[in-house]
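Please read the structure below before turning to the comments.
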There are 4 protein chains.
Amino acid sequence: MIFAIETDTTIPIYTQLTQQIKQAILNGQANIGETLPSVRSLASDLGVNMHTVNKAYNILVDEGILRKSQQGYSIQFNETLREAPNFRTEVQEQFKSVLIDGLIHGITFAQFQEWSQEIAEELNLSENESFNSN
Amino acid sequence: MIFAIETDTTIPIYTQLTQQIKQAILNGQANIGETLPSVRSLASDLGVNMHTVNKAYNILVDEGILRKSQQGYSIQFNETLREAPNFRTEVQEQFKSVLIDGLIHGITFAQFQEWSQEIAEELNLSENESFNSN
Amino acid sequence: MIFAIETDTTIPIYTQLTQQIKQAILNGQANIGETLPSVRSLASDLGVNMHTVNKAYNILVDEGILRKSQQGYSIQFNETLREAPNFRTEVQEQFKSVLIDGLIHGITFAQFQEWSQEIAEELNLSENESFNSN
Amino acid sequence: MIFAIETDTTIPIYTQLTQQIKQAILNGQANIGETLPSVRSLASDLGVNMHTVNKAYNILVDEGILRKSQQGYSIQFNETLREAPNFRTEVQEQFKSVLIDGLIHGITFAQFQEWSQEIAEELNLSENESFNSN
DNA sequence: GTGGTCTAGACCACG
DNA sequence: GTGGTCTAGACCACA
């Protein structure tokens with residue numbers, strides 16, 4: 001599980017981290033039960049502050065993706081994901097925003113579909129979950 | 001072209017504005033060449049700060065969507081804006097982020113596809129731009 | 001809404017804050033929609049760090065009790081409280097722990113009941129919500 | 001007297017231990033004068049660190065619940081411990097905290113009362129100590 | 001003015 | 001060794 005932090009972006013570091021951890025879980029690089037690197041060691045590896053890693057980890061705990069114990073953080077990701085009541089709506093609105101932003105700049109639905117397939121393949125979800133499975 | 005600003009959210013007001021203007025352009029509520037309401041009047045109508053509307057307009061100018069003249073801001077939206085430099089990769093990354101965020105919380109590709117179709121219909125883009133045009 | 005922070009306790013300051021805010025809401029000292037003091041001003045008033053107040057506020061946002069907007073934090077506390085799936089169980093276990101801790105030190109159930117009534121009166125919930133209402 | 005330690009929680013192990021010992025005393029599984037398993041053997045059985053069991057035992061000694069002798073730790077639990085100094089107010093405050101936390105999330109006093117009765121039955125305290133004894 | 005992010009560093013609790 | 005709490009202070013985004 002290798003993380004790459006970009007500093008020349010406006011995306012917060014802790015968001016970059018949560019995204020990459022989620023991706024690692026989805027594509028199987030990180031397995032359920034696996035222990036994550038300690039807050040301080042990961043911070044040291046990435047050259048960021050401890051608190052930043054800590055925030056990323058705790059966001060994932062709140063989302064039900066990580067589990068916090070006294071030995072550190074490990075991957076939970078079971079069915080009991082605690083979703084905020086309007087989580088679907090939030091994702092849907094973000095999805096719509098991205099589409100509109102792309103469409104007005106000439107990106108076609110076909111292009112978005114292509115990207116979806118790429119992501120599906122990258123995550124090894126192409127068989128039963130694919131965007132164009134039907 | 002009616003705008004609805006929500007103050008109970010963390011989404012910046014100017015972002016809400018730019019998105020709604022883009023959407024109005026896409027679905028034909030706003031036509032090319034049309035002049036937008038003046039900064040002052042729109043700010044007054046929406047009950048927001050003048051600087052906020054100004055910021056939204058100028059972002060759209062930078063994106064090549066609006067054109068600023070002596071008479072105010074008008075809608076450009078021609079083919080020139082289709083060559084935005086790294087806008088493609090930016091949108092692509094945002095798209096991927098949203099997908100991953102949804103997928104890890106159980107939202108399927110099929111669901112995203114359904115949302116895409118809804119958005120396509122809402123924007124009346126089914127003919128030449130539609131997601132399932134092929 | 002007056003807060004009192006005790007430093008000679010092991011209870012984290014942000015927990016003391018969240019509890020007092022909850023109590024203020026329950027007993028009507030804080031009304032729905034009311035804006036809370038800004039993170040920095042409250043921190044200054046209490047003589048604690050900004051981040052500590054920030055943490056308390058954000059915990060309450062996560063619990064669905066506060067609402068975060070660009071103008072600050074305000075009291076939400078509506079029916080759409082987003083509860084973690086095992087929230088009831090957690091409270092129940094804490095409740096049991098406290099009872100056991102008291103019982104072994106000679107505190108009787110009657111004493112706990114008395115305390116409940118005091119709390120109910122303090123919160124003006126005695127009529128329809130009281131612990132011994134039946 | 002069987003103990004179950006959960007490592008997937010943030011509750012300190014020594015706290016889990018002290019609570020379960022207290023509960024065992026209350027419900028009669030552990031009798032006054034009885035000797036507890038040695039620190040080493042219990043630590044070995046539970047797969048935890050020796051120091052952790054030691055800490056739990058010593059906390060109970062400080063609370064007047066256990067007695068340390070040459071032969072090990074045994075259960076005291078006499079009337080002398082009923083005069084803990086500020087234990088009453090501590091427990092009372094914890095009790096209030098739990099109630100407030102539950103109430104603001106919609107748990108009613110009636111629910112807390114029900115839980116109390118369940119706990120009373122579980123501890124076989126219904127006769128002389130019960131919450132609804134009057 | 002509001003909150004958000006990040007850093008640096010200290011001290012504590014747990015095992 | 002692990003994470004938790006708190007502080008002090010800087011810089012940025014938003015309105």
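In what follows, chains carry the letters A, B, and so on, assigned in the order in which the sequence lines appear, proteins first and then strands, with residues in each chain numbered from 1.
- Side chain of C:P12, nearest nucleotide from F:dC6, E:dG3, F:dT2: F:dC6.
- Atom CZ of A:R40 is separated from atom P of E:dA8 by 14 Å (rounded to the nearest Å).
- Here C:S38 reaches the OP1 or OP2 of E:dG3: one of its side-chain N or O atoms lies under 4.0 Å away.
- For the residue pair A:G33 and A:S74, the shortest heavy atom distance occurs at O-CB, 3.8 Å.
- Between C:Q70 and F:dC14 there is no side-chain polar atom (N or O) within less than 4.0 angstrom of OP1 or OP2.
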Next on the checklist: Please determine whether side chain to side chain contact (heavy atoms under 4.5 Å, CB included) holds for the pair B:F3 and B:Q16, giving the CA-CA distance in whole Å, both sets of side-chain angles, and the decisive distance to 0.1 Å.
Outcome noted: CA-CA 9 Å; B:F3 302 114; B:Q16 297 183 42; over 6 Å; no

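- For the pair B:I5 CD1 and F:dA15 C1', the computed distance is 13 Å after rounding to whole Å.
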Checklist entry - Run the side chain to side chain contact (heavy atoms under 4.5 Å, CB included) check on A:I75 and A:N31 step by step: do they pass? => result CA-CA 7 Å; A:I75 296 173; A:N31 298 308; over 6 Å; no

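- Residues B:T15 and A:S69 each lie close to DNA chain F; by heavy-atom proximity, the contact nearer the 5' end of the strand is made by A:S69.
- Distance CD1 (C:I11) to P (F:dC6): 11 Å, rounded to an integer number of Å.
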Item to check | CA sep, side-chain torsions, deciding dist, call: D:L60, D:Q76, side chain to side chain contact (heavy atoms under 4.5 Å, CB included) | outcome: CA-CA 10 Å; D:L60 295 176; D:Q76 185 159 30; over 6 Å; no

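- Base-pair partner of F:dC14: E:dG1 (Watson-Crick or G-U wobble, both distances under 3.5 Å).
- Closest approach of A:Y57 to A:L66, counting heavy atoms only: O-CD1, 3.9 Å.
- For residues 41-60 of chain C, proximity to DNA chain F is found at C:V48, C:N49, C:H51, C:T52, C:K55, defined as any non-hydrogen atom under 4.0 angstrom from a strand atom.
- Distance alone, capped at 3.5 Å, places no donor-acceptor pair between the B:Q23 side chain and the A:I100 backbone.
- Taking side-chain N and O atoms only, A:Y14 has no distance below 4.0 Å to OP1 or OP2 of E:dC6.
- In this structure, of F:dG3, E:dC6, E:dG15, it is E:dC6 that holds the atom nearest to the side chain of A:I13.
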Checklist entry - Could you go step by step and tell me if B:I13 and B:L46 meet the side chain to side chain contact (heavy atoms under 4.5 Å, CB included) rule? => result CA-CA 10 Å; B:I13 294 176; B:L46 298 175; over 6 Å; no

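- We find that CD of D:E6 is positioned 14 Å from P of E:dG15, with the value rounded to whole Å.
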